[in-house]
There are 2 protein chains.
Amino acid sequence: MAVSTVKGALSVDTASPDGSAVDHVVHQIRELIAQAGLKVGDSLPTERELCAQFNASRNTVREAMRILKAYGLVEVRPKVGATITDNRMSRAIELFSFATMEVSRKTFSDVQAFRDLLEVGSVEQLFDRICDRDIDELHSINAKLAGIHDLEEASEVDFAFHVRLISILDNSAILDVYNVMKPIILRIMQKGKTRRTFKTETFSEHEGVIEAMSHRDRLSFQYRLRTHLMTGFKYFNEEMEASA
Amino acid sequence: MAVSTVKGALSVDTASPDGSAVDHVVHQIRELIAQAGLKVGDSLPTERELCAQFNASRNTVREAMRILKAYGLVEVRPKVGATITDNRMSRAIELFSFATMEVSRKTFSDVQAFRDLLEVGSVEQLFDRICDRDIDELHSINAKLAGIHDLEEASEVDFAFHVRLISILDNSAILDVYNVMKPIILRIMQKGKTRRTFKTETFSEHEGVIEAMSHRDRLSFQYRLRTHLMTGFKYFNEEMEASA
DNA sequence: TTTTACGTATTTGGTCCAACAAATAGTTTG
DNA sequence: CAAACTATTTGTTGGACCAAATACGTAAAA
């Protein structure tokens with residue numbers, strides 16, 4: 001505290017919550033963090049201190065902390081108390097690991113078109129940065145497809161391959177987005193495939209992409225990768241085309 | 001209940017949490033939802049029923065419900081109880097509206113490179129779909145820059161312009177990702193700019209992009225948009241290059 | 001008799017309190 | 001230097017009360 005009596009209309013405005021005591025405490029804690037300029041790693045007051053400070057019961061404070069924890073903004077260990085963190089990205093990932101929604105035809109084409117823009121579209125920056133270790137590691141990741149036991153595992157390997165590919169770009173925005181979308185991408189990868197499909201088709205498609213990379217063959221890279229991304233589209237039938 | 005004594009290893013596996021009672025209840029509630037096949041709009045048992053069902057105290061159940069609420073999976077109103085929802089996307093957006101982190105040089109270049117891949121890279125698909133209404137609406141959005149009063153408002157208009165641009169693609173994956181990243185993008189847009197910058201430079205850069213679109217001039221579109229995205233990079237100094 | 005309106009009782013989430021269990025950091029003791 | 005102890009702090013429980021929303025039954029009106 002001390003600083004910023006004026007702070008007011010700046011960035012931290014959570015607007016006014018719904019008036020519930022818990023939301024109010026959440027708001028106050030966030031204000032506290034902002035005003036005290038707490039950074040990642042710093043400690044928050046103990047629950048009971050917060051109770052006294054905000055005139056709230058311990059349960060109310062605890063529910064507020066649950067929210068902050070769920071948002072990945074604080075980490076709390078018994079005895080040591082709560083410390084500031086920033087796991088929002090991983091929380092966002094967990095968010096979408098829920099609710100096993102069915103992948104629609106439109107979802108498939110949207111997501112794959114999106115990935116096409118990122119993976120195929122970044123060919124120039126990618127080829128600028130490629131080094132031998134990238135090629136080697138892509139090979140070794142892809143080799144794991146031979147030993148997979150179920151679809152889940154196979155799609156994990158497939159995903160790891162593509163993450164390794166774009167990691168060459170050294171762009172954390174892209175990497176973060178990929179991780180957020182991971183659950184959806186995994187489902188897309190599994191759609192219509194069998195273990196055998198992964199071991200044969202997917203494997204050789206990946207190998208083709210790697211070969212194009214090692215030869216620095218832009219056109220081949222783009223063609224092979226694009227084709228690879230669109231494999232699986234055939235497994236979607238045309239049903240339910242018009243959905244509002 | 002009734003169905004699926006076998007269900008076991010399917011999709012809903014939240015793995016086993018850290019063993020805390022609250023996490024356990026969260027897990028059980030999610031299992032309950034899955035097993036009972038509850039859809040959005042359906043009701044959950046009352047808190048007290050959940051207490052009895054899971055042998056947990058009411059506070060524990062409430063903390064679990066706080067988590068589900070924070071995840072945007074349930075909505076709870078006094079007296080009527082908890083109903084299933086799916087506001088995960090809006091929660092994800094809220095997630096990143098927090099913690100007014102400073103935009104680093106690397107964040108800037110990463111995010112803008114990312115946007116470059118999406119916006120500039122999609123020129124073919126974009127030009128395939130463009131219609132007159134798109135051009136008109138882009139004009140009218142951009143016109144709002146003349147009447148802006150502060151940076152916040154200006155960046156909102158700027159953002160709206162780019163969202164409208166990519167909305168032509170009719171790709172909800174891209175749109176969702178853009179919305180999730182909105183807070184970060186807004187900050188990037190504000191970096192180093194003034195109201196005047198928006199009213200003059202940003203405005204005319206947008207107009208240039210629109211003009212290229214209306215002429216179906218691919219090269220001009222790409223050049224102008226790419227230049228526009230990289231405007232602002234000059235406001236970052238080299239400080240703090242090596243951060244682990 | 002039927003329908004509408006009102007008021008009461010019940011249900012349900014929201015908040016608070018007090019107490020105990022478990023885990024851990026720091027301190028003391030061998 | 002290591003082990004045991006102590007105090008502190010989170011984790012969990014059970015209970016209590018309140019306020020608001022709903023359900024229902026009763027009374028009044030058509």
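These figures come from a predicted structure and were not determined experimentally. Hydrogens, waters and symmetry mates play no part in the numbers below; they use all other heavy atoms, side chains included.
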Classify the side chain of [X] versus the base of [N] as yes if they form a donor-acceptor pair under 3.5 Å and no if they do not.
X: A:Arg77; N: D:dG11; result: no
X: B:Arg48; N: C:dG13; result: yes
X: B:Lys79; N: D:dT22; result: no
X: B:Asn59; N: D:dG14; result: yes

Output the rounded distance in Å from [atom1] ([X]) to [atom2] ([N]).
X: B:Glu63; N: C:dT15; atom1: CD; atom2: P; result: 13 Å
X: B:Leu50; N: C:dG14; atom1: CG; atom2: P; result: 13 Å
X: B:Glu47; N: D:dG15; atom1: CD; atom2: P; result: 16 Å
X: B:Arg62; N: D:dG15; atom1: CZ; atom2: C1'; result: 15 Å
X: A:Ile67; N: C:dG14; atom1: CD1; atom2: P; result: 11 Å
X: A:Arg58; N: D:dT9; atom1: CZ; atom2: P; result: 11 Å
X: A:His24; N: C:dC16; atom1: NE2; atom2: P; result: 12 Å
X: B:Leu68; N: C:dG13; atom1: CG; atom2: C1'; result: 15 Å

Would you mind telling me which of C:dG14, C:dC16, D:dT12 lies closest to the side-chain atoms of B:Ser20?
D:dT12

Could you work out which one of D:dT9, D:dT13, D:dG11 sits closest to the side chain of A:Thr46?
D:dT9

Using a cut-off of 6.0 Å, state whether more than 12 heavy atoms not belonging to A:Arg58 lie near its atom CZ.
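Yes, enclosed.
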
Look at the side-chain N and O atoms of A:Arg66 and state whether any lies under 4.0 Å from the OP1 or OP2 oxygen of D:dG11.
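A:Arg66 to D:dG11 OP1/OP2: no side-chain N or O under 4.0 Å.
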
Check the phosphate of C:dG14 against A:Thr60, side-chain N and O only, distance under 4.0 Å to OP1 or OP2. Yes or no?
no

Taking the side chain as everything from C-beta on, heavy atoms only, tell me whether B:Met181 gets closer than 4.5 Å to B:Ile188.
no

Against B:Leu44, only a single residue in B:Thr83, B:Val76, B:Val74 fulfils side-chain contact (heavy atoms from CB on, under 4.5 Å); can you say which?
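Filter result, single survivor: B:Val74.
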
Separation between CD1 of B:Ile184 and NZ of B:Lys182, rounded to the nearest 0.5 Å:
13.0 Å

Checking A:His162 against A:Asp158: is there a side-chain donor and acceptor pair closer than 3.5 Å?
yes

